[in-house]
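Model, not experiment: these values are computed from the prediction.
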Amino acid sequence: MDKSKPTNFIAQIISKDLQDKLTEKVVTRFPPEPNGYLHIGHAKSICLNFGLAREFDGICNLRFDDTNPEKESEEFVEAIIEDVRWLGFEWHGDVRYASDYFGQLYGWAVGLIEAGKAYVCELSAEQTREFRGTLTEPGRDSPYRDRPVTESLTLLEQMRAGEVAEGSMVLRAKIDMAAPNMNMRDPVLYRIKHVSHHRTGDNWNIYPSYDFAHGQEDAIEGVTHSICTLEFADHRPLYEWFIENLPVPSKPRQYEFGRLNLNYTVTSKRKLKQLVDQGYVDGWDDPRMPTLSGLRRRGVPSTAVLAFCDSLAVAKTDGIVDMAQLDHFIRQDLNEHTTRAMCVLKPLKVTLSNWPDAEEVLLATPNHPNRTDLGERELPFGQVLYIDCADFSEDTGLSRKKFKRLVLGEYVRLRGAYVIKADAAIHNESGEVTEILASIVPNTIGETPPEGIKPRGVIHWVAAHNCIPCDVNIYDRLFNKAAPGKGDSKLADDINPDSLTVVNGCKAEASLAAAKPGITYQFEREGYFCLDTRNGDAGHPVFNRTIALRDNWSAN
RNA sequence: UGGGGCGUGGCCAAGUGGUUAAGGCAACGGGUUUUGAUCCCGUCACUCGGAGGUUCGAAUCCUCCCGCCCCAGCCA
């Protein structure tokens with residue numbers, strides 16, 4: 001990367017710090033709380049933190065901010081680790097945990113009490129709220145604010161030992177109850193939770209608050225630039241207060257940037273958890289979810305996520321990025337790397353009257369229209385084929401411009417194969433077309449048809465005697481409102497009822513029997529698809545549509 | 001009506017006093033094409049939330065005003 005031209009304001013700051021010798025080695029960190037799965041918004045943060053470390057030849061830690069055992073679990077830890085790996089980043093050394101530092105943090109809390117800068121407060125949660133004041137009125141000092149140091153020390157020890165009921169006391173910093181910044185009104189440092197922690201078990205009955213933990217964790221790890229999202233800007237003075245008032249080994253600095261917002265979805269772990277817990281989706285990795293695991297299951301390559309993140313601005317503006325921008329990078333990646341295949345979603349039988357009954361041929365077909373390096377495959381062809389119902393019409397009045405598919409009495413090209421003519425349509429009692437009788441135009445493989453034969457277009461197909469029955473999941477946006485849950489609507493009210501359409505009875509070309517999870521294909525004229533990892537089996541696979549092909553036509 | 005942050009085309013943005021205000025997405029024209037895909041070409045802000053002011057010169061500096069976001073968890 002070109003160091004002479006920093007890419008964003010944080011890179012500019014780092015660049016200058018390096019120049020001014022304020023730091024010699026850049027240390028960043030990605031600090032997720034293991035209380036849910038990572039989403040696309042986290043990807044931006046991951047790319048930023050790991051990317052900055054890479055750009056400036058520094059290091060980036062992966063640290064779990066596990067200070068609230070009530071909401072956290074090992075399942076989330078594992079999922080997060082997998083997601084970061086999927087994106088291709090490597091953290092420095094071992095995975096870190098805030099819980100590794102609980103002992104050190106406790107020691108510093110004791111030191112703060114001894115210095116007269118913290119006290120055990122016995123106000124109830126409700127009283128604490130009342131004493132805190134409001135946005136426009138100052139708060140009032142807690143009656144416990146000036147209790148003797150020794151008393152606070154004893155009480156804190158009792159809190160730690162599990163001798164005090166939850167909610168009956170907390171440890172607070174003694175700062176300023178009249179501060180205009182609410183975070184400085186004697187913030188809570190420790191609260192009692194008689195809850196076992198996924199890593200420390202029952203060792204602790206008190207757990208540090210975010211504010212009392214985060215900056216010190218950074219300092220312990222030697223983090224130089226602690227990057228977080230905008231909503232933490234108000235916490236910075238407190239972050240700095242701890243750094244200044246504690247004997248920490250280094251002095252990290254906090255910088256805030258605007259988190260990623262995408263329209264027609266939510267990037268909030270809390271809201272995503274709601275969708276999972278209330279059963280609106282099939283788990284955190286439901287392909288409709290903006291989680292990294294959901295995108296992965298849907299068939300989105302990590303490289304597309306990376307390219308998307310690189311396209312985003314790191315700034316302090318709080319905007320909403322259009323989902324179309326993500327879609328663009330997904331299509332761009334998939335178009336270039338994906339091999340082509342054919343799959344008929346709504347099969348309509350086509351019998352070729354001028355093709356010998358049992359004759360089967362294999363047609364060599366390129367796997368990619370513009371990349372010979374991706375090789376070719378053998379497509380079985382025979383007397384009976386399937387094309388998509390939507391690709392045939394009996395309406396001979398349809399203009400060539402409006403309907404570039406098969407029309408009764410006319411010609412169409414079968415992709416990679418012959419030009420055929422629809423001679424007749426067979427109907428059932430209710431008048432629906434059940435089969436087409438057609439004929440091939442000889443010698444049209446790789447050749448333009450003779451004068452006077454003008455195919456209306458090119459359609460995809462599969463051979464009936466050698467294809468794979470499968471189902472296809474067509475996904476649409478999860479929400480039908482650009483800002484789900486905004487205003488007076490509830491999140492659930494804005495869910496798109498048609499976000500999933502299951503198409504049964506599809507027919508895929510034979511080569512797709514070898515489809516593997518994690519590999520996305522382009523089903524020509526339909527979009528990009530990959531094997532679902534949860535449903536289907538070898539004999540009857542289920543494919544998820546990653547994304548449709550761009551379509552400049554259907555909208556007119 | 002306290003504090004913090006932000007306002008550049010439909011969306012995301014670059015721009016840090018001196019060419020006709022980058023770029024990407026979207027959109028819209030046209031060309032190529034055995035995917036209505038890809039690809040290619042072209043169009044798309046006399047103007048930077050508004051009003052004043054400083055200056056030879058302002059999106060960039062100053063003043064006032066307007067709008068949006070965040071903060072009153074013993075969540076992070």
J.: On the nucleotide B:A37, are OP1 or OP2 found under 4.0 Å from the side-chain N or O atoms that A:Arg340 carries?
T.: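 No.
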J.: With sugar-phosphate meaning primed atoms plus P, OP1 and OP2, does A:Gly446 contact a base, only sugar-phosphate, or nothing at under 4.0 Å between heavy atoms?
T.: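 Touches a base.
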J.: With heavy atoms under 4.0 Å as the rule, sort A:Leu334 into base, sugar-phosphate or nothing.
T.: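 No contact.
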J.: Provide, to the nearest angstrom, the distance between the CZ atom belonging to A:Arg29 and the P atom belonging to B:A76.
T.: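 Roughly 15 Å, once rounded to whole Å.
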J.: When the ring planes of A:Phe64 and A:Tyr97 are compared, do they come out parallel, tilted or perpendicular, using 30° and 60° as the limits?
T.: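 Parallel, since the angle between the ring planes stays under 30°.
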J.: Mark yes or no for a side-chain to base donor-acceptor pair under 3.5 Å between A:Arg405 and B:G36, with no hydrogen or angle criteria applied.
T.: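 Checked by distance alone, the answer is yes.
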J.: From CG of A:Asn370 over to P of B:U35, roughly how many Å is that when rounded to an integer?
T.: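 Distance, rounded to whole Å: 10 Å.
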J.: Can you confirm if the aromatic rings of A:Phe212 and A:Phe242 lie within a centre distance of less than 6.0 Å?
T.: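 Yes, close enough.
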J.: Do A:Gln522 and B:U35 have a side chain to base donor-acceptor pair shorter than 3.5 Å?
T.: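 Indeed there is one.
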J.: So which nucleotide from B:A14, B:C75, B:G4 ends up closest to the side chain of A:Arg191?
T.: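 Of the options given, the side chain of A:Arg191 lies nearest B:C75.
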J.: Give none if B:G2 has no partner; otherwise give the nucleotide forming a Watson-Crick or G-U wobble pair with it, both distances under 3.5 Å.
T.: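 Paired with B:G2, as far as the under-3.5 Å criterion goes, is B:C71.
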J.: So what does A:Glu447 hit on the nucleic acid, given a heavy-atom distance under 4.0 Å: a base, only sugar-phosphate, or nothing?
T.: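 Base contact - A:Glu447 has a heavy atom under 4.0 Å of at least one base atom.
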J.: Would you say A:Thr317 places a side-chain N or O within less than 4.0 Å of OP1 or OP2 belonging to B:G5?
T.: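 Checking A:Thr317 against B:G5: no side-chain N or O falls below 4.0 Å of OP1 or OP2.
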J.: Ignoring hydrogens and angles, does a donor from either the side chain of A:Asp234 or the base of B:G3 sit under 3.5 Å from an acceptor on the other?
T.: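 Such a pair exists between side chain and base.
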J.: Taking O4'-C1'-N9-C4 for purines and O4'-C1'-N1-C2 for pyrimidines, is B:G73 syn (within 90° of 0) or anti?
T.: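 Syn conformation here, the glycosidic angle of B:G73 being no more than 90° from 0.
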J.: Report the nucleotide, chosen from B:C6, B:G4, B:U38, that has the shortest atom-to-atom distance to any side-chain atom of A:Arg550.
T.: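 Looking only at heavy atoms from C-beta outward on A:Arg550, the closest nucleotide is B:U38.
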J.: Write down the partner of B:G18 under the Watson-Crick or G-U wobble criteria, each distance required to be under 3.5 Å.
T.: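 Check on B:G18: paired to B:C56, both distances under 3.5 Å.
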J.: Can you tell me the pairing partner of B:U32 across any strand shown, Watson-Crick or G-U wobble, with both distances under 3.5 angstrom?
T.: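 Per the H-bond distance test, none.
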J.: At under 4.0 Å between heavy atoms, what does A:Thr448 touch on the DNA or RNA strands: base, sugar-phosphate, or nothing?
T.: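 It contacts nothing in the nucleic acid.
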J.: Quick one: the side chain of A:Gln325 and the base of B:G24, do they pair up donor-acceptor inside 3.5 Å?
T.: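 It does, because a donor-acceptor pair links the side chain of A:Gln325 to the base of B:G24 below 3.5 Å.
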J.: Do the side chain of A:Glu524 and the base of B:U34 come within less than 3.5 angstrom through a donor-acceptor pair of N or O atoms?
T.: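 Side chain to base: no pair below 3.5 Å.
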J.: What nucleotide among B:G36, B:C74, B:C6 has an atom nearest to a side-chain atom of A:Arg525?
T.: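 Of B:G36, B:C74, B:C6, B:G36 is nearest to the side chain of A:Arg525.
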J.: Assign A:Lys404 to base, sugar-phosphate, or nothing according to its heavy-atom contacts below 4.0 angstrom with the strands shown.
T.: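 Base contact - A:Lys404 has a heavy atom under 4.0 Å of at least one base atom.
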J.: With a non-hydrogen cut-off below 4.0 angstrom, is A:Val170 in contact with a base, only sugar-phosphate, or nothing?
T.: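 Base contact.
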J.: Under 4.0 Å between any heavy atoms, over every strand shown, what does A:Ile459 touch: base, sugar-phosphate, or nothing? Just pick one.
T.: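 Touches nothing.
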J.: Under the side chain to side chain contact (heavy atoms under 4.5 Å, CB included) criterion, do A:Thr67 and A:Glu33 qualify, and how do the steps go?
T.: CA-CA 8 Å; A:Thr67 58; A:Glu33 182 190 11; 5.7 Å; no
